[in-house]
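Notes for the one structure printed next.
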Amino acid sequence: MLPAAVLFLLFFALPVGYALHLSLRRVEVEGLGLGEGARREVWAGLSNYTGALTDPELAAGALRVLGYGLIVVPVMLGLALVFALMLDADRVRGRSFTRLAIFLPYAVPGVIAALLWGFLYLPDVSPFHFVLGELGLPAPDLLDGGALYAALANIAVWGGTGFNMIVIYTALRAIPAEVYEAARLDGCSQLQIALRIKIPMVAPSLVLTFFFSVIATLQVFSEPTTLKPLTNSVPTTWSPLMKVYEDAFVRGDIHSAAATAVVVAAVTLVLSFGFLRIANSRTRQGESR
């Protein structure tokens with residue numbers, strides 16, 4: 001276990017500890033801030049956390065991510081479940097090719113995917129806008145207003161559905177064939193088998209994919225950051241992680257950024273732990289029945 005422990009300490013525990021250290025300090029400037037000793041780190045206590053929790057930009061970013069997640073998570077997991085059930089059905093042709101085609105977008109890096117879709121969204125270069133214009137139909141601006149949420153969610157759904165589909169499909173393939181045979185002897189149709197047998201038996205996989213999807217949604221960064229140069233509708237603090245980046249590397253306030261990062265990590269941990277507790281308690285209740 002030594003290699004795993006060393007990697008955990010170096011790339012998880014140490015960065016977290018250093019972020020906590022930075023979040024409890026601030027820079028004190030004397031005079032004009034020039035000369036040796038004019039700028040020094042001092043103890044700040046919880047003032048950075050107070051500023052982060054009362055920051056309206058962070059609250060606005062959290063609300064935007066909430067709206068974004070309400071679109072991404074159910075659509076992505078719903079499509080992944082449907083695709084997995086379709087691939088697991090009897091007499092499916094081209095199963096290997098279809099599985100690879102659905103999974104392939106997951107292999108595209110998030111920044112590249114955002115750039116690809118950004119050019120498709122941009123009215124001046126989008127082939128969709130050109131075709132709609134030639135047909136005399138109105139072309140929606142997907143980089144402005146409420147449509148921006150759908151545009152960002154589409155990138156995440158396009159890239160993440162394949163991974164979740166593979167997880168659910170693998171769980172479906174692990175179900176013994178005797179279970180399906182018994183259901184068919186009892187007169188169950190393919191739809192009844194999917195609803196009453198397959199979905200309940202892959203519930204742990206659905207919980208796992210939901211857990212990963214929620215974490216990825218809370219940590220959204222690359223998609224809005226990549227689309228920002230293409231539109232004025234994406235502020236520099238669109239998501240909490242973008243707020244951390246703005247504070248740390250644009251405004252130069254590394255201590256406030258560290259406090260915000262710790263708050264985001266704590267919220268993610270609490271939500272994840274709470275969801276897992278609820279899921280485990282329901283699983284135990286189901287087993288006891």
Side-chain angles (χ1 to χ4, degrees), residues 1 4-5 7-9 11-20 23-24 46 49-50 52-55 58-85 106 153 156-157 159-175 179 194-221 239-241 243-244 258-289:
M1 292 181 63
L7 291 174
F8 175 82
L9 291 174
F11 297 104
F12 185 82
L14 185 60
V16 169
Y18 186 57
L20 287 171
S23 68
L24 298 174
L46 299 178
Y49 290 97
T50 302
L53 293 174
T54 57
D55 192 338
L58 181 62
L63 289 176
R64 283 189 286 264
V65 168
L66 177 61
Y68 167 83
L70 291 176
I71 301 174
V72 171
V73 175
V75 173
M76 181 167 59
L77 295 186
L79 288 175
L81 178 60
V82 170
F83 288 150
L85 291 173
Y106 178 74
V157 170
T161 299
F163 170 80
N164 294 309
M165 180 273 297
I166 288 295
V167 174
I168 300 172
Y169 177 73
T170 304
L172 287 172
R173 302 302 292 177
I175 299 176
V179 177
L195 296 177
R196 299 183 180 182
I197 297 177
K198 292 185 177 182
I199 294 179
M201 294 191 72
V202 299
S205 297
L206 294 175
V207 171
L208 180 65
T209 53
F210 180 84
F211 177 69
F212 286 153
S213 300
V214 169
I215 293 178
T217 300
L218 294 174
Q219 297 177 350
V220 60
F221 177 80
S239 70
L241 288 191
K243 176 69 166 59
V244 173
T260 305
V262 171
V263 170
V264 173
V267 170
T268 304
L269 178 63
V270 170
L271 290 178
S272 303
F273 182 75
F275 174 74
L276 286 179
R277 287 291 300 271
I278 294 174
N280 289 334
S281 64
R282 290 185 177 180
T283 301
R284 293 193 188 97
Q285 290 177 1
E287 292 176 352
S288 62
R289 292 175 183 175

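Please read these numbers as outputs of a predicted model, since none were measured by experiment.
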Mind checking ring pair (Phe, Tyr, Trp, His ring centres under 6.0 Å) for F210 and listing every partner two or more places apart, or none if nothing turns up? F275
With sequence neighbours left out, write down each residue that passes ring pair (Phe, Tyr, Trp, His ring centres under 6.0 Å) with F221, or none if nothing qualifies. Y245
Work out which heavy atom in [X] is nearest to a heavy atom in [Y]; give both atom names and the distance.
{"X": "M201", "Y": "V179", "answer": "SD-CG1, 4.3 Å"}
{"X": "S213", "Y": "M76", "answer": "OG-CE, 3.4 Å"}
{"X": "I71", "Y": "A153", "answer": "CG2-CB, 3.5 Å"}
{"X": "L58", "Y": "P240", "answer": "CD1-CB, 3.8 Å"}
{"X": "V202", "Y": "A171", "answer": "CG1-CB, 3.8 Å"}

Taking the side chain as C-beta and beyond, is there a heavy-atom pair between I199 and L85 under 4.5 Å? yes
Evaluate the side-chain proximity of S272 to I215: yes if any heavy-atom separation is below 4.5 Å, no if none is. yes
Show me the donor-acceptor pairs, under 3.5 Å and distance only, between side chains in residues 59-69 and residues at least two apart or in other chains.
| from | atom 1 | to | atom 2 | distance (Å) |
| --- | --- | --- | --- | --- |
| R64 | NE | W238 | O | 2.9 |
| R64 | NH2 | T237 | O | 2.9 |

Any salt bridge (Lys or Arg N to Asp or Glu O under 4.0 Å) pairs touching residues 161-173, not counting sequence neighbours? D88-R173
Name all pairs fulfilling the salt bridge (Lys or Arg N to Asp or Glu O under 4.0 Å) condition that reach into residues 199-215, sequence neighbours left out, sorted by first residue then second. none
Quick check for you: to the nearest 0.5 Å, what is the distance between [X] atom [atom1] and [Y] atom [atom2]?
{"X": "T260", "Y": "L53", "atom1": "OG1", "atom2": "CG", "answer": "8.5 Å"}
{"X": "L271", "Y": "F211", "atom1": "CG", "atom2": "CZ", "answer": "10.5 Å"}
{"X": "I197", "Y": "I175", "atom1": "CD1", "atom2": "CD1", "answer": "8.5 Å"}
{"X": "F273", "Y": "L269", "atom1": "CZ", "atom2": "CG", "answer": "8.0 Å"}

For the pair V264 and K243, evaluate side-chain contact (heavy atoms from CB on, under 4.5 Å) and give the outcome as yes or no after the intermediate values. CA-CA 11 Å; V264 173; K243 176 69 166 59; over 6 Å; no
Run through L206, T161, L172 and flag the one making a side-chain contact (heavy atoms from CB on, under 4.5 Å) with L81. L206
Using the side-chain hydrogen bond (donor to acceptor under 3.5 Å, both in side chains) criterion, which residues pair with S23? Sequence neighbours excluded. Y49
Evaluate the ring planes of F163 and Y106, with Trp represented by its six-membered ring, and classify them as parallel (under 30°), tilted (30 to 60°) or perpendicular (over 60°). parallel
Run the numbers on L77 and N164 for side-chain contact (heavy atoms from CB on, under 4.5 Å), then give the verdict. CA-CA 7 Å; L77 295 186; N164 294 309; 3.9 Å; yes
